[in-house]
Amino acid sequence: MSDKTPLRTCRIAIFGFGSVGVALVKMIQEKNEQLQQEEGIKFVVIAVQTRRRGGRKNSEGLNLTELLASKELGPTDAPPISIEDLSKPPYSIDILVECIPVNYKTAEPAITMARQALSNNVHFVTANKGPVVHGYSELTKLAKAHNRKFLFESAVMDGVPIFNMAKHCLRGATITGFRGVLNSTSNLILTEMETGSTFADALEKGRQAGCVEEDPSGDIDGWDAAVKVAALSTVLMNKPIDLEAIPKDSISNITPSDIDVAKQSNQRYKVLCHGPPEPRVTLQKVDSSSPFYNLPEASSAVEIFTDVLEPIMIKSTNPGISDTAFGCLTDCLEAMR
């Protein structure tokens with residue numbers, strides 16, 4: 001930052017204070033000085049709202065050390081903090097960061113939060129796939145109408161910049177398709193079962209690693225993978241897909257015997273996501289010629305096809321919660337550009 005560049009304050013509210021929200025606050029706490037020097041932006045957390053632990057707000061900014069140490073943030077029977085109120089003085093937030101669990105069927109309540117934020121001239125940043133799949137066109141238009149931004153880099157592959165790469169680095173190219181391993185939990189389970197773990201033990205390891213959704217059936221039965229297919233298709237290819245119409249394979253019935261038989265043929269089971277023209281989520285065996293064969297544990301990868309380039313492969317190796325938080329942080333920086 002130039003000595004002549006004024007320092008700007010970015011006032012944010014975080015709705016959803018589970019592992020991602022906590023990791024984001026820790027990252028802001030650790031990187032605030034660096035971001036002030038390099039980006040000219042000082043982050044101030046004005047409010048945090050949770051589903052079970054109440055909410056807390058302070059127009060001067062919350063004490064992050066106290067916030068991270070608190071078991072309860074406020075009265076749990078109090079009405080939730082109003083986004084409209086936060087958009088006005090004395091709070092005047094710039095960005096609402098939403099980190100609540102995904103609702104595959106309706107995207108609620110996240111999509112309503114997005115509408116409220118953007119309608120009140122507040123940027124909306126989300127790690128949630130739901131609003132992208134169920135409201136991308138509407139929310140993009142709403143953001144433009146209010147000169148604000150709707151950003152969601154963490155919605156697919158955590159903090160890996162898939163959407164930003166497509167937007168900024170593939171201008172002039174047409175994305176014609178994609179395929180990948182996009183659900184970390186299912187890949188972790190299948191990899192662990194190769195070493196002799198039971199399905200249940202492998203799932204528990206996923207919980208401990210923080211990569212299992214609140215309802216694990218979304219990971220196990222292909223819903224999480226399918227919603228990512230829908231998100232990538234909608235944003236990268238401008239082809240919205242009915243989530244219900246995407247065929248989805250479940251890994252719930254796979255057995256150690258299945259894994260062993262595949263290993264004897266030098267094959268591995270992977271949950272592969274396919275984009276248009278035939279969007280689907282398939283549990284299938286791959287051999288060593290597949291780019292996904294050696295993808296370990298909770299890793300994910302996507303291969304993108306265009307009309308002008310050879311296939312582009314993006315890989316994330318065993319991402320953690322901090323990866324998702326970083327995607328939210330970069331979106332906040334992008335919103336303030």
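Values below: every heavy atom of this structure, side chains too, minus hydrogens, waters and symmetry copies. This one's a predicted model, so the numbers in the text were calculated from it and none came from an experiment.
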Test your reading of the model: is there a side-chain donor-acceptor pair from [X] to the backbone of [Y], 3.5 Å cut-off?
X      : Y      : value
Ser70  : Leu73  : no
Ser250 : Ser252 : yes
Lys149 : Glu334 : yes
Thr330 : Gly327 : yes
Thr282 : Gln284 : no
Asn128 : Ala110 : no
Gln36  : Leu7   : no
Asn187 : Glu297 : yes
Ser233 : Lys239 : yes
Thr176 : Asp307 : no

Subject >> Parallel, tilted or perpendicular: ring planes of Phe152 versus Phe163, cut at 30 and 60 degrees >> reply: perpendicular

Original post:
Do Lys263 and Ile259 touch side chain to side chain, with heavy atoms closer than 4.5 Å?
Top reply: yes

Subject >> Side-chain H-bond candidate by donor/acceptor type, Thr65 with Gln29, under 3.5 Å >> reply: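 Yes.
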
Residue [X] excluded, over 12 heavy atoms near [atom1] under 6.0 Å:
X      : atom1 : result
Phe326 : CZ    : no
Gln208 : CD    : yes
Asp242 : CG    : yes
Asn238 : CG    : no

Original post:
Quick one: does NZ or CZ of Arg268 land under 6.0 Å from the six-membered ring centre of Tyr293, within 45 degrees of the ring axis?
Top reply: yes

Original post:
Are Leu139 and Ile83 in one and the same hydrophobic cluster, where Ile, Leu, Val, Met, Phe, Trp and Tyr link if side-chain heavy atoms are under 4.5 Å apart?
Top reply: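 As far as the 4.5 Å side-chain criterion goes, Ile83 and Leu139 are connected within one cluster.
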
Subject >> Rounded distance (nearest 0.5 Å) linking atom CG of Leu203 with atom CZ of Arg207 >> reply: 4.5 Å

Subject >> Distance (rounded to the nearest 0.5 Å) between Asp158 CG and Asp323 CG >> reply: 5.5 Å

